[in-house]
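For reference, the structure discussed in these notes is given below.
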Amino acid sequence: ETGVTQTPRHLVMGMTNKKSLKCEQHLGHNAMYWYKQSAKKPLELMFVYNFKEQTENNSVPSRFSPECPNSSHLFLHLHTLQPEDSALYLCASSQDPYQREGYHEQYFGPGTRLTVT
Amino acid sequence: KQEVTQIPAALSVPEGENLVLNCSFTDSAIYNLQWFRQDPGKGLTSLLLIQSSQREQTSGRLNASLDKSSGRSTLYIAASQPGDSATYLCAVGQSNFGNEKLTFGTGTRLTIIP
């Protein structure tokens, strides 16, 4: 596997379910990101992890719980979601964003299409 | 708060034509600007990244320019092909207490007519 992979690609869940989204990057990057893409809206940054530490939480409701066990894996745990949480959830990775002279391009996975019923 | 606008929201052009997509941003204190392509229901593919110190970047038939002072970027696509049909997203990168943050526009949905 190369690049950034995400599983599952599609997920349908009820409002009382608990599920998890998984992201894995094979690029040797140190930073990982979760984004939400809703219809007709720009991509919204949800969380940033750098060297496994959460460095950004963009006012995301607690029903979304991220986990980053190592620099290559990122999870998004979901529980008691609302229908408005239905969206495409994208994971991305990049090199260490603290490196001012570095190359900061973010590489994205294919996304998980989430439908909350 | 940074805001990124892309106009037009949708564009249809005949195959073979050259075209320009526009992106504007409100805060010129950016780190870089990135153009992405997104196919329906898919993730993002990075096309070009322009660092704040650069004026343009080229890759094949694509050329992106950046005018930081006026808060504008353009993506020029030469000799368009049906395979270029996709949504094109512009994103500006800024530093926020050491974190790299991308702010996205809502995109331009491009359709190339064979």
Side-chain angles (χ1 to χ4, degrees), chain A residues 3-7 9-10 21 23 25 27 29-51 53-59 87-115, chain B residues 1-10 23-27 29-54 57 59 62 64 66 86-109:
Chain A
V4 181
T5 58
Q6 290 186 243
T7 55
R9 296 294 310 278
H10 300 273
L21 309 185
C23 175
Q25 59 96 1
L27 300 168
H29 290 160
N30 298 313
M32 297 188 78
Y33 310 76
W34 278 119
Y35 288 88
K36 175 183 178 182
Q37 187 177 32
S38 304
K40 309 289 186 189
K41 286 184 166 183
L43 266 81
E44 302 171 68
L45 178 67
M46 300 175 72
F47 301 103
V48 181
Y49 276 82
N50 193 20
F51 287 99
E53 298 296 322
Q54 187 180 125
T55 56
E56 183 85 20
N57 178 337
N58 203 22
S59 303
L88 182 67
Y89 288 84
L90 292 163
C91 172
S93 70
S94 72
Q95 291 182 354
D96 182 2
Y98 286 92
Q99 292 178 3
R100 285 293 173 260
E101 302 301 319
Y103 183 61
H104 299 274
E105 184 173 2
Q106 292 187 22
Y107 292 80
F108 283 77
T112 294
R113 172 69 62 186
L114 174 67
T115 303
Chain B
K1 180 186 172 186
Q2 178 74 269
E3 291 183 5
V4 180
T5 303
Q6 291 185 248
I7 295 174
C23 172
S24 61
F25 47 95
T26 54
D27 184 351
I30 67 170
Y31 215 51
N32 54 44
L33 186 143
Q34 221 168 328
W35 281 94
F36 294 89
R37 169 190 172 132
Q38 185 175 30
D39 293 285
K42 302 286 182 63
L44 277 63
T45 301
S46 179
L47 298 173
L48 290 164
L49 180 146
I50 311 176
Q51 301 288 357
S52 62
S53 57
Q54 299 174 320
Q57 282 285 341
S59 176
L62 305 180
L66 173 63
T87 295
Y88 289 80
L89 298 169
C90 164
V92 297
Q94 292 180 286
S95 175
N96 180 30
F97 300 103
N99 293 324
E100 183 81 5
K101 292 190 66 172
L102 284 179
T103 303
F104 284 83
T106 50
T108 294
R109 189 173 69 252

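Below, chains carry the letters A, B, ... as their sequence lines are ordered, and counting in each starts from 1.
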| query | Between atom CG of A/Leu43 and atom CG of B/Leu102, what is the distance when rounded to the nearest 0.5 Å? | reply | 9.0 Å
| Residue pairs involving residues 38-54 of chain B (criterion salt bridge (charged side-chain N to carboxylate O under 4.0 Å, His left out); sequence neighbours excluded) | B/Arg37-B/Asp39
| Side chain, backbone, both or neither: which part of A/Glu44 has a heavy atom under 4.5 Å from chain B? | neither
| In chain order, what residues pass the side chain to side chain contact (heavy atoms under 4.5 Å, CB included) check against A/Ala92, with sequence neighbours excluded? | A/Tyr33, A/Tyr35, A/Gln106, A/Phe108
| task | Name the region of A/Leu88, side chain, backbone, both or neither, that has any atom closer than 4.5 Å to a heavy atom of chain B. | result | side chain
| request: Write down the atom of B/Gly43, the atom of A/Leu90, and the distance for their closest heavy-atom approach. | output: CA-CD2, 3.7 Å
| field | Contact origin within B/Gln38 toward chain A - heavy atom pairs under 4.5 Å | value | side chain
| task | Could you check which of A/Cys91, A/Gly111, A/Pro110 has the highest count of heavy-atom pairs closer than 4.5 Å to chain B? | result | A/Pro110
